[in-house]
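What follows is one structure encoded as structure tokens, with my remarks underneath.
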2 protein chains.
Amino acid sequence: MAHDHAMPTDLTRNQGLVLGALNHAPAPLSAYDILDLLRSEGLRAPLQIYRALDKLVERGLAHRLESLNAFVACADEHCHRKGLIAFAICEGCGKVDEFADPVIEERLGNWARETGFKTERTTMEIRGRCAECLKAA
Amino acid sequence: MAHDHAMPTDLTRNQGLVLGALNHAPAPLSAYDILDLLRSEGLRAPLQIYRALDKLVERGLAHRLESLNAFVACADEHCHRKGLIAFAICEGCGKVDEFADPVIEERLGNWARETGFKTERTTMEIRGRCAECLKAA
DNA sequence: ATCAATACGTTATAGCATAACATCGCCGCA
DNA sequence: TGCGGCGATGTTATGCTATAACGTATTGAT
Ligand SMILES: [Zn+2]
Ligand SMILES: [Zn+2]
Ligand SMILES: [Zn+2]
Ligand SMILES: [Zn+2]
């Protein structure tokens with residue numbers, strides 16, 4: 001399970017609550033999912049969640065999945081990855097696998113250099129079914 | 001400009017209107033952008049747009065950009081591409097460049113084979129600034 | 001004490017997407 | 001000719017996602 005993450009100590013209360021919710025979740029959560037989970041802690045408005053998420057994503061402690069409009073905790077316990085990250089998202093169980101591939105990064109870097117494009121950020125998301133779900137079917 | 005696309009002849013009226021709007025647009029359009037463009041043609045409801053978009057995307061005549069919640073016409077005039085497509089989206093002018101890279105496709109295929117993941121579809125979107133916009137700055 | 005920077009709380013609003021239901025037109029087939 | 005299936009259409013209502021705009025509170029340095 002994802003229960004034993006080492007959380008940075010300098011998070012604000014809201015940031016800590018949101019990251020905690022993501023860490024305990026077995027699948028990506030939307031901002032509104034998180035809000036519902038944290039109403040018992042006194043949070044009431046979407047903006048409280050979005051502001052915390054902004055900071056967490058900025059620091060690499062969480063990631064936004066564009067194709068899902070949802071968020072996950074970073075799978076890298078301490079030092080969050082630099083560079084390009086790919087996400088494999090299972091449509092069956094919701095599990096998200098996070099990995100980096102230097103060759104892909106290099107190919108995209110080459111393409112950018114050749115075309116004169118200045119990359120700010122890249123999202124790569126694979127949708128499908130994980131091995132476990134395939135076995136179960 | 002994108003004015004001279006060969007449009008399939010078997011599109012319905014709504015599908016044709018929507019694809020036309022995308023073909024003439026210099027940048028990705030949201031479903032609501034398209035709706036506003038087509039009110040003069042009698043379209044009134046978001047669903048009319050979304051239904052047409054579903055068909056167009058299904059046939060590869062248009063693409064959905066997940067990181068933008070918007071749509072573009074496929075840049076491949078006739079035979080839309082098979083396989084993995086990457087999109088480079090300029091934050092300055094909105095231009096979208098569509099390209100395929102067999103090496104990246106192979107790397108992702110390898111990863112999937114190794115982990116037993118069955119890929120249904122992949123989205124790859126690069127955000128940044130195109131050469132032209134960089135020159136202008 | 002003053003000031004700037006950052007986080008927080010609240011209300012309202014904007015933007016994106018689908019559910020549910022009725023209707024229409026086309027085509028194949030008795 | 002009439003029936004039945006199917007896909008596209010039209011309409012209303014609703015739900016989900018995200019941000020604007022405002023004010024207050026906390027922190028921490030000078
Ligand atoms: Zn990560
Ligand atoms: Zn699974
Ligand atoms: Zn295309
Ligand atoms: Zn540009």
Side-chain angles (χ1 to χ4, degrees), chain A residues 7-22 25 27-59 61-72 89 91 94 121 123 125 127, chain B residues 7-22 25 27-59 61-72 87 89 91 94 96 121 123 125 127:
Chain A
M7 291 233 293
T9 58
D10 61 341
L11 297 177
T12 67
R13 167 174 159 84
N14 288 2
Q15 290 164 20
L17 288 169
V18 169
L19 184 53
L22 290 176
L29 297 176
S30 78
Y32 282 76
D33 291 338
I34 298 171
L35 178 56
D36 287 338
L37 288 171
L38 295 181
R39 283 190 196 282
S40 57
E41 298 288 346
L43 298 201
R44 302 155 195 284
L47 214 49
Q48 297 177 285
I49 310 297
Y50 281 108
R51 289 203 273 230
L53 285 169
D54 282 347
K55 293 301 178 191
L56 294 172
V57 169
E58 196 179 303
R59 293 182 54 174
L61 298 169
H63 302 290
R64 176 186 173 83
L65 300 175
E66 303 282 0
S67 68
L68 244 42
N69 292 330
F71 300 84
V72 285
I89 304 165
E91 319 243 297
R121 72 188 172 292
T123 79
E125 300 178 14
R127 308 284 295 269
Chain B
M7 290 233 294
T9 58
D10 60 341
L11 297 177
T12 67
R13 168 173 158 83
N14 288 0
Q15 289 164 20
L17 288 169
V18 168
L19 184 53
L22 290 176
L29 298 176
S30 76
Y32 281 75
D33 292 337
I34 298 171
L35 178 55
D36 287 338
L37 289 171
L38 295 181
R39 282 190 196 283
S40 58
E41 299 288 346
L43 298 201
R44 302 155 195 285
L47 214 49
Q48 296 176 285
I49 310 298
Y50 281 109
R51 288 202 274 230
L53 285 169
D54 282 347
K55 294 299 178 195
L56 294 172
V57 169
E58 196 178 305
R59 292 182 54 173
L61 298 170
H63 301 291
R64 175 186 173 82
L65 301 174
E66 302 282 0
S67 68
L68 243 45
N69 292 331
F71 301 83
V72 285
F87 299 93
I89 304 165
E91 320 243 297
V96 175
R121 73 187 171 294
T123 80
E125 299 178 14
R127 308 286 296 270

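- Distances were taken from every side-chain heavy atom of S30(B) (C-beta onward) to each of dG9(C), dT17(D), dC16(C); the shortest belongs to dC16(C).
- In this structure, the nucleotide among dG9(C), dT11(C), dT18(C) sitting nearest to the side chain of A45(A) is dT11(C).
- Of the N and O atoms on the side chains of T123(A) and E66(A), not one donor lies less than 3.5 Å from an acceptor on the other residue.
- Heavy atoms of R51(B) sit under 4.0 angstrom from at least one base atom.
- Judged by distance alone, the side chain of E125(B) and the main-chain N or O of S67(B) form a donor-acceptor pair under 3.5 Å.
- Looking at Y32(B), its side chain has no donor and acceptor atom pair within 3.5 Å of the base of dA14(C).
- Contact check, N69(B) against dG15(C): no side-chain N or O comes under 4.0 Å of OP1 or OP2.
- Within the 4.0 Å cut-off from OP1 or OP2 of dG9(C), not a single side-chain nitrogen or oxygen of R44(A) is found.
- No contact: A31(A) has no heavy atom under 4.0 Å from any strand.
- Here R127(A) pairs with E91(A) under the salt bridge (Lys or Arg N to Asp or Glu O under 4.0 Å) rule; sequence neighbours left out.
- In this model, the phosphate group of dA17(C) is approached by a side-chain N or O of R64(B) to a distance below 4.0 Å at OP1 or OP2.
- Nearest to the side-chain atoms of L47(A) among the listed nucleotides dA8(D), dA20(D), dC16(C) stands dA20(D).
- Looking at the side chain of P46(B), the nearest of the listed nucleotides dA7(C), dT18(C), dT17(D) is dT18(C).
- Of the inter-residue distances, the one linking L35(A) atom CG with L29(A) atom CG reads 11.5 Å to the nearest 0.5 angstrom.
- Note on Q48(B): every side-chain N or O is 4.0 Å or more away from OP1 and OP2 of dT9(D).
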